[in-house]
Amino acid sequence: MTLSSCSPDPVTMAPGRDDLLAYPRPSIAADVVLLTVADGELNVVLRKRDRGSHAGEWMLPGTMLRERERLSDAVLRCLETRMHIQGRSPRQLHVFDDPDRDERGWVLTVTHLDVLPLSALALGLEHGHGQLRPVSEVRGLPFSHDEIIAWAVRMVRWEYQQAPDPWNLLDSEFTMTQLRQLHDAVVGAAHQKDTFRRAMEPQLDALQTRAVPPGGNGLGRPARIYRKGQGRYQPLLTLM
């Protein structure tokens with residue numbers, strides 16, 4: 001008997017290429033970063049975990065992917081059942097795949113992002129399903145959620161440095177002061193008025209109408225009203 005006839009065939013010892021059950025598989029989560037502006041600063045929505053590990057702790061809204069479920073459907077299911085939010089289209093942000101991020105086992109999360117007006121969160125916050133927390137105060141969350149939130153905040157702040165209100169938090173018509181105050185809140189720093197105007201005005205359409213700013217006394221020249229220019233900026237993230 002030759003040596004070759006006694007040696008195992010490496011091809012037959014390896015799992016078949018089509019035998020997916022022969023390979024280890026992670027669980028897949030879908031976590032959602034919901035950002036909004038409240039009290040003049042950028043906030044993230046956290047949800048208190050009601051059972052299982054880390055019960056009673058605050059973390060991002062999320063869910064586990066069900067068998068043969070699309071990620072986009074899992075995200076919308078999570079928002080509706082956990083936060084009473086409907087009609088949104090969160091964008092896929094990033095895959096966080098550290099094998100040690102979840103002590104329960106091998107769980108990777110496909111994180112999604114939405115930036116929405118505070119009014120869109122009213123129902124979930126009213127019923128105690130969510131809590132607003134300034135992004136500057138986020139620390140010590142489980143499942144690598146600190147890292148996930150920091151990633152989302154960097155992305156959104158970069159977008160607000162490139163274009164006027166890319167997530168449409170303002171009404172369709174606004175003054176330059178309202179726009180600048182929003183950008184100050186999102187970025188977490190005050191913009192110099194003239195520099196901000198020069199950067200943003202080429203991307204806006206100025207209307208003929210003017211208005212007295214909220215809280216104004218009616219003295220002086222009314223503020224110019226603007227709209228965002230159509231098709232002048234495309235968000236960096238891809239819509240689901």
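Keep in mind that this is a model prediction, so the values were computed, not measured.
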Kindly compute the distance separating CG (Leu93) from CD1 (Ile148), expressed to the nearest 0.5 Å.
8.5 Å

Could you check whether any side-chain heavy atom of Arg91 comes within less than 4.5 Å of a side-chain heavy atom of Trp167, counting everything from C-beta outward?
yes

Atom CD of Glu69 and atom OG1 of Thr63: how far apart are they, to the nearest 0.5 Å?
7.0 Å

Partner of Leu132 under side chain to side chain contact (heavy atoms under 4.5 Å, CB included), chosen from Asp39, Leu121, Leu46
Leu121

For the backbone of Leu116 and the side chain of Thr36, can you confirm whether one donor and one acceptor N or O come within less than 3.5 Å of each other?
yes

Rounded to the nearest 0.5 Å, how far does CZ of Arg25 lie from CG of Leu108?
12.5 Å

Answer yes or no: does atom CZ of Arg77 have more than 12 heavy-atom neighbours from other residues, nucleotides or ligands under 6.0 Å?
yes

Determine, stepwise, if the pair Met176 / Leu204 fulfils side-chain contact (heavy atoms from CB on, under 4.5 Å).
CA-CA 10 Å; Met176 185 64 69; Leu204 301 172; 3.7 Å; yes

Under 3.5 Å, side chain of Asp98 to main-chain N/O of Asp100, donor-acceptor pair present?
yes

For Asp165 and Tyr160, which I'm curious about, is there any donor-acceptor pair between the side chains at under 3.5 Å?
yes

Give a yes or no answer on whether the side chain of Asp102 reaches the backbone of Val107 with a donor-acceptor pair at less than 3.5 Å.
no

Salt bridge or not for Glu201 and Arg197, using N-O below 4.0 Å?
yes

Here the pair of heavy atoms bringing Leu125 nearest to Gln131 is CD2-N, 3.9 Å

Nearest atoms (heavy-atom pairs only) where Cys78 meets Pro61:
SG-C, 3.8 Å

Determine the minimum heavy-atom distance between Ala29 and Met64, stating which atoms define it.
CB-SD, 3.8 Å

Determine, using the 4.5 Å side-chain heavy-atom cutoff (strictly less than), whether Trp58 and Leu35 are members of one ILVMFWY cluster.
yes

Given 3.5 Å as the limit, does a donor-acceptor pair link the side chain of Arg139 with the main chain of Ser136, or not?
yes

Ignoring hydrogens and angles, tell me if any N or O in the side chain of Arg49 forms a donor-acceptor pair with the backbone of Ser53 under 3.5 Å.
yes

Show the nearest heavy-atom pair for residues Ala30 and Val75, with the distance to one decimal.
CB-CG2, 4.0 Å

So, taking the atom named CE in Met59 and the one named CZ in Arg47, what distance separates them when rounded to the nearest 0.5 Å?
9.0 Å

For the pair Asp31 (side chain) and Leu60 (backbone), establish whether a donor and an acceptor sit closer than 3.5 Å, ignoring hydrogens and angles.
no

State whether the side chain of Gln178 and the backbone N or O of Thr175 hold a donor-acceptor pair below 3.5 Å, judged by distance alone.
yes

salt_bridge(Arg101, Glu147) N-O dist < 4.0 Å:
no

Decide whether Phe143 and Leu34 are clustered together by the hydrophobic rule: side chain heavy atoms of Ile, Leu, Val, Met, Phe, Trp, Tyr closer than 4.5 Å, transitively.
no

As an exercise, state the distance from CG of Leu170 to NZ of Lys228, rounded to the nearest 0.5 Å.
8.5 Å

Stepwise side-chain contact (heavy atoms from CB on, under 4.5 Å) check, Arg157 with Leu42
CA-CA 10 Å; Arg157 285 177 169 170; Leu42 192 62; 4.3 Å; yes

Donor-acceptor contact present, side-chain Gln161 to main-chain Val187, <3.5 Å:
no

Specify the closest pair of heavy atoms between Val37 and Ala185, including all atoms of both residues, with the distance to one decimal.
CG1-CB, 3.7 Å

Is there a donor-acceptor contact under 3.5 Å from the side chain of Asp146 to the main chain of Leu141?
yes

Using the ring of each side chain (for Trp, its six-membered ring), is Tyr226 parallel, tilted or perpendicular to Phe174, with breaks at 30° and 60°?
parallel

Quick check for you: to the nearest 0.5 Å, what is the distance between His183 atom NE2 and Glu159 atom CD?
11.0 Å

Would you please classify the geometry between the His94 ring and the Trp151 ring as parallel, tilted or perpendicular, with 30° and 60° separating the classes?
parallel

Nearest heavy-atom approach of Ala152 to Leu113 is CB-CD1, 3.9 Å

